[in-house]
2 protein chains.
Amino acid sequence: MADSELPTRPKPEETPAGEAPAEGESKSASKSAAKKAAKEKAKAEKAAQRAAQEQAQKAAQNTEDTAKHLYGPIPETEDVIPSTRFSELSEEHHDKEVTVVARVDNARVQSAKLAFLMLRQQGQKVQAVIAAKEPISRQMVKYTGGLNVNSIVQVTGIVKKPDTPISSATIQNLELHIQKVYMISEAAQMLPMQVKDAERPPPDTTEEGPQVDAEGAPIVTLKTRLDNRTLDLQTETSQAITWISSGVSELFAEYMIKSGSRWIFTPKLVGAATEGGSNVFEVKYFKRNAYMAQSPQLYKQMCIAGDMESVFEIAPVFRAEDSNTHRHLTEFAGLDFEKTFRSHYHEVLDFAEDLLVFILSQLKVRYSKQIEIIQKSYPKAGDFKLPKDGKALRLTYMNGVNLLKEAGVDVSEQERFENDFSTAMEKQLGQIIRDKYDTDFYVLDKFPMAVRPFYTKADPQDPRFSNSYDFFMRGEEIMSGAQRINDIKELEASMVAKGVNPNQEGFEDYLNAFRQGCPPHAGGGLGLNRIVMFFLGLPNIRLASLFPRDPQRLRP
Amino acid sequence: MADSELPTRPKPEETPAGEAPAEGESKSASKSAAKKAAKEKAKAEKAAQRAAQEQAQKAAQNTEDTAKHLYGPIPETEDVIPSTRFSELSEEHHDKEVTVVARVDNARVQSAKLAFLMLRQQGQKVQAVIAAKEPISRQMVKYTGGLNVNSIVQVTGIVKKPDTPISSATIQNLELHIQKVYMISEAAQMLPMQVKDAERPPPDTTEEGPQVDAEGAPIVTLKTRLDNRTLDLQTETSQAITWISSGVSELFAEYMIKSGSRWIFTPKLVGAATEGGSNVFEVKYFKRNAYMAQSPQLYKQMCIAGDMESVFEIAPVFRAEDSNTHRHLTEFAGLDFEKTFRSHYHEVLDFAEDLLVFILSQLKVRYSKQIEIIQKSYPKAGDFKLPKDGKALRLTYMNGVNLLKEAGVDVSEQERFENDFSTAMEKQLGQIIRDKYDTDFYVLDKFPMAVRPFYTKADPQDPRFSNSYDFFMRGEEIMSGAQRINDIKELEASMVAKGVNPNQEGFEDYLNAFRQGCPPHAGGGLGLNRIVMFFLGLPNIRLASLFPRDPQRLRP
């Protein structure tokens with residue numbers, strides 16, 4: 001059995017029922033009693049295991065090993081046997097031989113003649129058992145039960161139906177009776193955390209250091225997970241989340257391509273900080289300074305001025321904001337699009353709504369298994385509700401203000417167009433809309449001009465408002481978009497009105513694009529990580545990023 | 001007629017044949033004679049045009065305008081008429097009314113009663129004509145012929161078959177007889193270059209300033225094009241190139257997704273300069289330094305160690321190399337993939353070869369029209385040759401060395417594994433292989449270990465070589481890849497052998513990934529812009545980037 005920095009967790013089914021805390025006991029008293037009992041239990045188990053291991057060792061030393069060719073380093077001469085994936089295993093395999101390549105999730109010597117492996121493949125778990133019986137030697141049993149956790153092994157064995165379902169495995173109706181076990185990649189004896197401990201969701205607190213839960217199992221904090229992200233990615237939940245993330249970009253690209261849009265790559269290294277100087281990362285660019293693009297906004301519009309009609313981009317976005325919240329990253333995946341329209345920006349808004357409905361509904365179709373796995377760990381938010389008729393719910397900003405007002409919220413600043421909704425208001429509005437319209441996805445149109453950037457087109461009917469929109473999931477913003485001003489005079493006037501100097505360095509090429517004629521257009525920018533986070537109801541955006549970046553975190 | 005900074009080019013068909021330089025004349029003499037003649041010709045044309053315009057003006061002043069509602073700024077009350085795209089126009093439209101939205105490519109007053117427009121839509125051109133005849137007024141003719149070039153207009157008219165094909169249009173068998181013309185977006189009178197002048201490929205020299213070619217037409221240098229990229233993107237050739245670029249990423253994503261690979265986003269902001277400190281951009285990251293990722297190499301491998309099995313990324317790659325060549329950019333679009341394999345890295349190499357054959361052959365299927373357009377401007381390189389049997393040609397590095405040796409090239413350094421092929425050698429080898437095997441795409445396998453990075457797996461049969469490969473198009477490298485070392489001890493030894501310190505900051509998380517067990521894997525990284533450049537035979541990689549970045553260029 002491999003040692004590790006964290007104590008081994010006893011299986012829940014092994015904990016006597018009597019140890020469960022009595023109802024009504026104070027939480028901390030119950031916790032500390034449980035901890036103590038769990039510790040003693042773990043100690044006793046360890047001692048028993050040590051004894052079994054010693055016994056196996058002794059037995060192994062006394063006999064000649066007749067199974068040497070059946071285990072150990074993978075022989076170079078070994079023919080490559082086609083391996084079966086866990087996801088392919090079914091009852092049809094009963095009593096048949098299969099070969100699998102998997103991680104050791106757990107290894108345990110039961111006696112000199114018996115050992116167990118829990119094998120893991122992309123989060124799925126299958127139990128394997130090895131018994132010393134011709135040609136299997138006691139040495140081979142000892143080797144198998146002593147494999148370092150997380151090593152990658154090739155195991156050949158017969159698939160058997162267990163007497164009772166293996167509750168600690170994810171595939172519970174079969175087990176593997178080991179015939180051969182070869183090492184493919186050996187993990188170190190000491191791991192900074194156990195993958196099986198990271199299967200349980202992190203606590204809400206970000207407090208550091210290993211802690212133990214009521215059942216004596218180690219609690220792995222979000223920080224420990226992210227510090228050891230390669231291990232954390234191996235959990236069933238992380239595997240599922242990374243598939244959802246992959247799915248969002250796949251569906252975005254699929255929809256955009258089908259619509260006849262062109263895939264573009266705009267520069268991330270830009271010569272000037274045009275979108276607000278303080279939130280931009282500065283780069284040493286040979287003998288001068290450059291900046292990391294905060295969005296592809298100006299370049300998307302230049303592509304439209306360049307007659308590309310409809311464009312989209314999937315690329316990192318960089319924000320030098322010192323925001324240390326659950327939903328801010330300094331680098332995230334942006335899904336951007338920009339399109340011309342014939343007569344009204346609602347042509348583009350209709351398109352964008354259909355795009356989001358497509359992505360969110362197809363996630364449910366194509367990734368239902370992954371969603372189910374994630375909901376086991378993060379059940380709190382519940383299923384993501386889409387509008388029943390397949391059309392997005394569209395309200396105006398003023399509709400939103402009035403809904404909040406009816407609910408008794410002070411929206412006087414919002415009514416005077418002095419401030420956008422606060423995050424708390426957005427969340428409350430999300431709840432009101434969910435209750436009233438039974439949807440977690442909706443759109444607010446016609447934001448006040450005062451709260452939007454200079455390139456936003458004012459509403460020609462009422463210039464206090466603008467032809468702009470935000471998209472929301474569970475009351476949090478995932479996209480901002482608008483009709484853009486395409487007339488040079490109107491654009492320059494809007495810049496001046498917003499306190500942006502049109503003659504500032506970096507705007508020359510952008511403004512020239514309009515001086516050279518530019519068709520009416522609108523677009524938007526989506527945050528991929530936010531879509532994943534809110535769709536799944538994850539408590540932290542870092543769980544929806546492979547290797548998250550925030551003001552404190554630059555590694556791994 | 002709109003003025004512009006550059007002289008108006010007389011149409012080739014208007015140039016008397018006698019002006020063509022006599023054969024045998026010295027190049028410069030012929031050029032200067034032609035220039036002079038062209039200038040005189042242009043001068044005469046301008047004078048004639050001015051006279052026509054004055055005449056039109058005079059005529060217009062003397063009568064009341066009965067057509068006021070048929071032209072000018074687009075009326076807000078105007079019903080939105082469904083517009084027809086140039087690509088949809090056919091002989092079926094003859095004698096029918098259509099409405100189009102397009103750029104003014106050229107506007108010309110012929111007389112007080114007659115004016116011509118050349119209309120452009122994504123590079124395609126259609127001629128429109130307006131004649132003063134009830135209800136069309138002379139004022140409307142004057143307005144139409146005087147439209148600023150590059151303005152976007154909505155034109156309604158009757159499609160007619162012209163007596164002779166319109167040779168200066170791309171759609172030559174029809175013309176539009178104008179009934180209404182409304183302004184959608186007006187361009188300035190002065191443009192830094194004319195789109196129609198940028199339709200001709202830039203000269204090989206990068207000399208600055210406007211020049212005139214043998215026919216008196218302005219030559220637009222690459223620098224002028226790139227400085228005014230929004231205008232340059234409007235040419236038929238640029239439109240086609242940006243479609244090919246879009247197609248390469250579309251096909252890459254399509255193939256990877258179909259293979260079951262997961263789409264990933266790895267961080268571009270990294271904490272340490274792990275892949276060679278001098279070629280990396282430094283970023284101010286709050287109170288410390290960060291760096292721009294030079295490739296997703298280490299992160300792709302960490303995803304594999306995180307049990308993701310097959311991953312791909314489409315993202316910018318940043319190289320702080322001070323290389324000012326025709327094929328280097330400081331920022332380009334990288335297409336990366338990494339995959340586990342069962343027994344031999346050739347499983348992944350087979351996959352990658354099929355991927356490239358898929359991309360290159362599907363480009364020919366899906367973008368044949370665009371390729372045809374581009375070949376008109378860049379015919380030199382010829383059609384891109386793919387292997388006839390649909391399987392990539394795979395040679396070894398030593399095969400390549402021997403082919404060069406047979407051709408009399410000094411390859412003594414390459415035979416001693418002291419240096420990789422030089423660019424000149426690669427090009428020569430490309431020509432040899434094209435002649436011998438009739439393909440522009442091929443793979444070299446088994447590069448010497450000495451010329452590959454530390455994470456490359458040595459060939460177990462002969463450690464002088466490695467399990468690594470390069471992909472070539474027309475003799476230029478577009479991809480580098482290899483089996484990666486997945487054993488921690490082997491990896492650390494390889495780092496030491498290559499003079500890389502495993503204890504250097506930034507390697508900790510990468511090396512831990514291997515200490516925690518990592519399956520055998522291989523992968524590669526493609527440069528999208530290079531694929532586009534070499535597939536199309538473009539003379540400069542900047543033509544294959546929307547807004548190119550090089551040591552001198554940070555704008556637009």
Side-chain angles (χ1 to χ4, degrees), chain A residues 80 83 103 122 150-152 184-188 191 230-231 233-234 239 242-243 246 249-250 253 257 262-269 271 281-286 290 299 302 305-308 314-316 322 331 333 342-343 486 509 513 515-519 546-547 549 551 554-556, chain B residues 80 83 103 122 150-152 184-188 191 230-231 233-234 239 242-243 246 249-250 253 257 262-269 271 281-286 290 299 302 305-308 314-316 322 331 333 342-343 486 509 513 515-519 546-547 549 551 554-556:
Chain A
V80 178
S83 68
R103 297 250 181 210
Q122 293 198 320
N150 230 49
S151 298
I152 299 171
I184 286 181
S185 177
E186 188 170 28
L191 295 180
T230 305
L231 282 175
L233 287 175
Q234 295 171 15
Q239 287 288 321
T242 53
W243 270 118
S246 175
S249 35
E250 173 191 335
I257 289 166
R262 237 177 292 190
W263 197 329
I264 58 169
F265 298 89
T266 67
K268 303 308 153 199
L269 288 164
F281 289 115
E282 198 180 299
V283 183
K284 259 194 220 163
Y285 195 79
F286 303 99
Y299 286 98
M302 286 161 78
D307 283 352
M308 293 177 76
I314 302 173
D322 199 359
E331 178 182 343
R342 274 289 289 132
S343 66
N486 69 315
D509 297 309
R515 291 188 185 108
Q516 295 155 6
C518 181
L546 265 182
F547 299 98
R549 292 291 179 258
L554 262 176
R555 58 158 286 249
Chain B
V80 178
S83 68
R103 297 246 181 213
Q122 293 197 320
N150 230 49
S151 297
I152 300 172
I184 287 181
S185 178
E186 186 170 30
L191 294 181
T230 304
L231 282 175
L233 287 175
Q234 296 171 15
Q239 288 289 321
T242 53
W243 269 117
S246 175
S249 36
E250 173 192 336
I257 289 166
R262 236 176 293 189
W263 197 330
I264 58 170
F265 298 89
T266 68
K268 303 307 153 201
L269 287 164
F281 289 115
E282 199 180 298
V283 183
K284 258 196 221 165
Y285 194 79
F286 302 99
Y299 286 97
M302 287 161 78
D307 284 352
M308 293 177 77
I314 302 172
D322 199 0
E331 179 182 343
R342 275 289 289 132
S343 67
N486 69 314
D509 297 309
R515 292 189 184 108
Q516 296 155 6
C518 181
L546 265 182
F547 299 97
R549 292 292 179 259
L554 261 176
R555 57 160 287 248

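What you are looking at is a predicted structure, and each value in this text was computed from that prediction instead of being measured. Chain naming here is simple, since letters A, B, ... match the order of the sequence lines and numbering starts at 1 in each.
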> In terms of the angle between their ring planes, are B/Phe547 and A/Tyr299 parallel, tilted or perpendicular, with boundaries placed at 30° and 60°?
Replying inline: perpendicular

> Can you list the steps and then say if B/Glu331 with A/Phe265 is a side-chain contact (heavy atoms from CB on, under 4.5 Å)?
Replying inline: CA-CA 10 Å; B/Glu331 179 182 343; A/Phe265 298 89; over 6 Å; no

> If you tally heavy-atom pairs under 4.5 Å against chain A, which of B/Glu282, B/Glu250, B/Gln122, B/Lys268 wins?
Replying inline: B/Gln122

> Among A/Ala315, A/Ala290, A/Ala513, A/Gly517, which has the most heavy-atom pairs under 4.5 Å with chain B?
Replying inline: A/Gly517

> So which heavy atom on B/Trp263 is nearest to which on A/Ala253, and how close?
Replying inline: CH2-CB, 4.0 Å

>> Looking at chain A, which one of B/Cys518, B/Ser246, B/Ala187 has the largest number of heavy-atom pairs inside 4.5 Å, strictly under?
In response: B/Ser246

>> Quick check for you: among A/Leu546, A/Ile314, A/Leu269, which has the greatest number of heavy-atom pairs under 4.5 Å with chain B?
In response: A/Leu269

> Any idea which of B/Met302, B/Lys284, B/Gln516, B/Arg515 has the most non-hydrogen atom pairs under 4.5 angstrom with chain A?
Replying inline: B/Gln516

> Can you tell which of A/Thr230, A/Thr266, A/Thr242 has the highest number of heavy-atom pairs within less than 4.5 Å of chain B?
Replying inline: A/Thr230

> Can you name the residues that form a side-chain contact (heavy atoms from CB on, under 4.5 Å) with A/Glu186, not counting sequence neighbours?
Replying inline: A/Asn148, A/Ser151, A/Met183

>> On a heavy-atom basis, which atom in A/Ala305 and which in B/Arg103 lie closest, and how many Å separate them?
In response: O-NH2, 2.6 Å

> With A/Asn150, which residues qualify under side chain to side chain donor-acceptor pair (under 3.5 Å), at least two apart?
Replying inline: A/Arg120, A/Gln234

>> Counting heavy-atom pairs closer than 4.5 Å to chain A, which one of B/Ile264, B/Leu231, B/Ile184 comes out on top?
In response: B/Leu231

